[in-house]
K.L.:
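Submitted below is the structure of interest, expressed as structure tokens.
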There are 2 protein chains.
Amino acid sequence: MVAQRGRRNGAKRTRSEAAPDADNAPTAEMPAVTENGTDPEIRARSIPEAAVARLAVYLRVLSAMADQGATTVSSEELSTAAGVNSAKLRKDLSYLGSYGTRGVGYDVAVLVGHIERTLGLTRQHRVAVVGIGNLGHALANYGGFPGRGFPVEALFDIDPDLIGVPVGGLPVSHIDDIPVVCAERGISIGVIATPPPAAQSVCDRLVAGGVQCILNFAPVVLQVPEHVEVRKVDLAVELQILSFHVARRADGEANGRVIDEGSVAGNGVVVP
Amino acid sequence: MVAQRGRRNGAKRTRSEAAPDADNAPTAEMPAVTENGTDPEIRARSIPEAAVARLAVYLRVLSAMADQGATTVSSEELSTAAGVNSAKLRKDLSYLGSYGTRGVGYDVAVLVGHIERTLGLTRQHRVAVVGIGNLGHALANYGGFPGRGFPVEALFDIDPDLIGVPVGGLPVSHIDDIPVVCAERGISIGVIATPPPAAQSVCDRLVAGGVQCILNFAPVVLQVPEHVEVRKVDLAVELQILSFHVARRADGEANGRVIDEGSVAGNGVVVP
DNA sequence: CTATGTGAAAAGCTTCACAGCT
DNA sequence: AGCTGTGAAGCTTTTCACATAG
């Protein structure tokens, strides 16, 4: 039985855990009381997961703006460029602390710095890619992954013909060596791009190698020990979600239903 | 303030996920109001987006079970296989209607049918892939995409050397022809796998070609007219979210804070 | 007068727990 | 007995709207 603790009141301190879009780690746990509300390092724990995903987007937009010479932005400008509304943007940024100037806006460089620090981008996160097929190739050739900060330091496959062959400048190792190689090279993020049947066993080896986070492209629900963070990217799911929207729309039209956006009051419920 | 409830059941360990879009249609808000209740066609409109994503996962798990000869499943079995808890699973399935049998469980085949219908998988959704680089190649070679139902019917790139070259059995067309070709072939889903700078213009052409949904792999916030559904897959964002969790964890340790867990399993890969 | 930062209200999701079929 | 289906409770996230700082 776990004595769940929870809540406090009035204050902004709450913790959360959730995922942005689709789905997330099957593991997981709960709260873990957090007191205090001043230390910026601690603050990070309470940022809603959904906000974290957006911070990454803001960061990219801000970087682009900085490259174009912008030195300040208003919440309005930034939110538009990031595709969200300004209230949400301000709320998100407020999780970092108060780094804007009322009546003026935010200093681009300062904001970039704070977001990077919050997202842990001041550290390097070495990446390993497992499964050097079409997708794995693409990922390996990403050459240093998004921006910098995520250097690909190991590649693995099971195909004997690939072992030792350099892809994107890095030789491919055998998946049996995952635990050893990952531990040696201090890999912290493992990317799984294998066929579905291999995914779980590869995942287990990555975990054995000390990998803390996994980005899973295989359409499989991975089983991981708690404290290993998993994010999945599932093409089939994405397409099916789109399919759902097409169908929904089509049905609506077929039924001659008009989505009137005025204020719909109490839609009469039709008989059960 | 009322006291908090006491719980009683032992717990379920699963964390959740959830979360609506991390980004998405920048346009207006959701209509919603729909009073469902009876018509299954109408019901679809009211299914939470988060549930839709999970339905796709259930579908995959169910298909696998069916292949292994299973004819019925309980919410417990299915939920475990899908990595969610049973209450959530039952709630999700209830959006489809009542297709289980109390005291028994769900008929696999029946459930597969209902989910497919709900997700609009009884229709075909023709797909176009734009940007035949590493990733585009991988996608094009997926050969008919996830399962069936999403045939790739057009490929586009801007590189003259690629035009006309068959990739995965389909010749590449020039991006200038996107509107015409998409309209001709009845493409409903466009996949953007181009470099960031090209994404928006490609998107505009897809929309001009009548494409209703876009799956965007380019790290760019797309601007689309309302009623065009966009989903994005952003590698950089995914990695940065993982980075955030690593950082959060590290900070916690650095501060001597112990995230006391109720039940901790074995594999404590402690990373110094 | 302008644009941030934020309680507070609203909306959305998930979990609980149990009535109701089989 | 067993398991689904679901109102209601509990949380989280989003949106409002306004006091406040510059």
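The figures here come from the full heavy-atom set of this structure, side chains too, leaving out hydrogens, waters and symmetry mates. Protein chains get the first letters and strands the later ones, always in sequence-line order, with residue 1 at the start of each. None of the values given here were measured: they were computed from a predicted structure.
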K.L.:
Which pairs would a plain distance check flag for residues 60-75 of chain B, meaning a side-chain donor or acceptor within less than 3.5 Å of a matching protein atom at least two apart in sequence or in another chain?
P.N.:
residue	atom	partner	partner atom	Å
R60(B)	NE	P219(A)	O	3.1
R60(B)	NH1	D234(A)	OD2	2.8
R60(B)	NH2	D234(A)	OD2	2.9
S63(B)	OG	L59(B)	O	2.8
S74(B)	OG	E76(B)	N	3.4
S74(B)	OG	E77(B)	N	3.1
S74(B)	OG	E77(B)	OE1	3.3
S75(B)	OG	R90(B)	NH1	3.2

K.L.:
According to a strict under-4.0 Å criterion, is N85(A) in side-chain N/O contact with OP1 or OP2 of dT14(D)?
P.N.:
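Checking dT14(D) against N85(A), no side-chain N or O comes under 4.0 Å of OP1 or OP2.
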K.L.:
If you check the K91(B) side chain, which of dG5(D), dT4(C), dA8(D) turns out closest?
P.N.:
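Output: dA8(D).
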K.L.:
May I have the distance from L93(A) (atom CG) to dT13(D) (atom C1'), rounded to whole angstrom?
P.N.:
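Going from L93(A) (CG) to dT13(D) (C1'), I get 16 Å.
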K.L.:
For the pair made of CG in D92(B) and C1' in dT15(C), what is the distance, rounded to whole Å?
P.N.:
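Result: 12 Å.
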K.L.:
Rounded off to whole Å, could you give me the CG-to-P distance for the D107(B) and dC3(D) pair?
P.N.:
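About 16 Å, once rounded to whole Å.
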K.L.:
Using atom CD of E77(B) as one end and atom C1' of dT4(D) as the other, report the distance to the nearest whole Å.
P.N.:
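These atoms are roughly 14 Å apart.
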K.L.:
Please report the closest heavy-atom contact between P225(B) and V207(B), naming both atoms and the distance.
P.N.:
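Answer, listing the atom of P225(B) first, then V207(B): CG-CG1, 3.8 Å.
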K.L.:
What is the distance, rounded to the nearest whole Å, between atom CZ of R54(B) and atom C1' of dT15(C)?
P.N.:
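Whole-Å distance recorded here is 12 Å.
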K.L.:
Over all heavy atoms of both residues, which pair between I241(B) and A53(A) is shortest? Give the atoms and the distance, please.
P.N.:
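Closest approach of I241(B) to A53(A): CD1-CB, 3.7 Å.
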K.L.:
Find the distance K88(B):NZ to dT12(D):P and express it as a whole number of Å.
P.N.:
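Distance, rounded to whole Å: 13 Å.
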K.L.:
Would you tell me if any nitrogen or oxygen in the side chain of S74(A) comes within less than 4.0 Å of OP1 or OP2 on dA3(C)?
P.N.:
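Checking S74(A) against dA3(C): no side-chain N or O falls below 4.0 Å of OP1 or OP2.
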K.L.:
R102(B): which residues meet the side chain to side chain contact (heavy atoms under 4.5 Å, CB included) condition with it, sequence neighbours left out?
P.N.:
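R102(B): no side chain to side chain contact (heavy atoms under 4.5 Å, CB included) contacts found.
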K.L.:
Tell me yes or no: between the side chains of H125(A) and Q240(B), is some donor less than 3.5 Å from an acceptor?
P.N.:
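Their side chains do not contain a donor-acceptor pair, so the 3.5 Å distance test is not met.
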K.L.:
Between dG5(C), dT4(D), dG5(D), which nucleotide gets closest to the side-chain atoms of Y106(A)?
P.N.:
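Taking heavy atoms from C-beta onward, the closest nucleotide is dG5(C).
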K.L.:
Ignoring hydrogens and angles, tell me if any N or O in the side chain of D107(A) forms a donor-acceptor pair with the backbone of L111(A) under 3.5 Å.
P.N.:
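No; zero donor-acceptor contacts below 3.5 Å.
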K.L.:
Return the value, rounded to whole Å, for the distance between atom OH of Y95(A) and atom C1' of dG5(C).
P.N.:
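So the two atoms are 12 Å apart, to the nearest Å.
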K.L.:
Go along nucleotides 17-22 of chain D 5' to 3' and tag each nucleotide: B for a protein heavy atom under 4.0 Å from its base, S when only backbone or sugar atoms are that close, - otherwise.
P.N.:
B-BBBS
K.L.:
Pair L121(B), F150(B) - check side chain to side chain contact (heavy atoms under 4.5 Å, CB included), show working.
P.N.:
CA-CA 9 Å; L121(B) 303 179; F150(B) 294 95; 3.8 Å; yes
K.L.:
Rounded to whole Å, please give me the gap between CG in L89(B) and C1' in dT15(C).
P.N.:
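That distance rounds to 14 Å.
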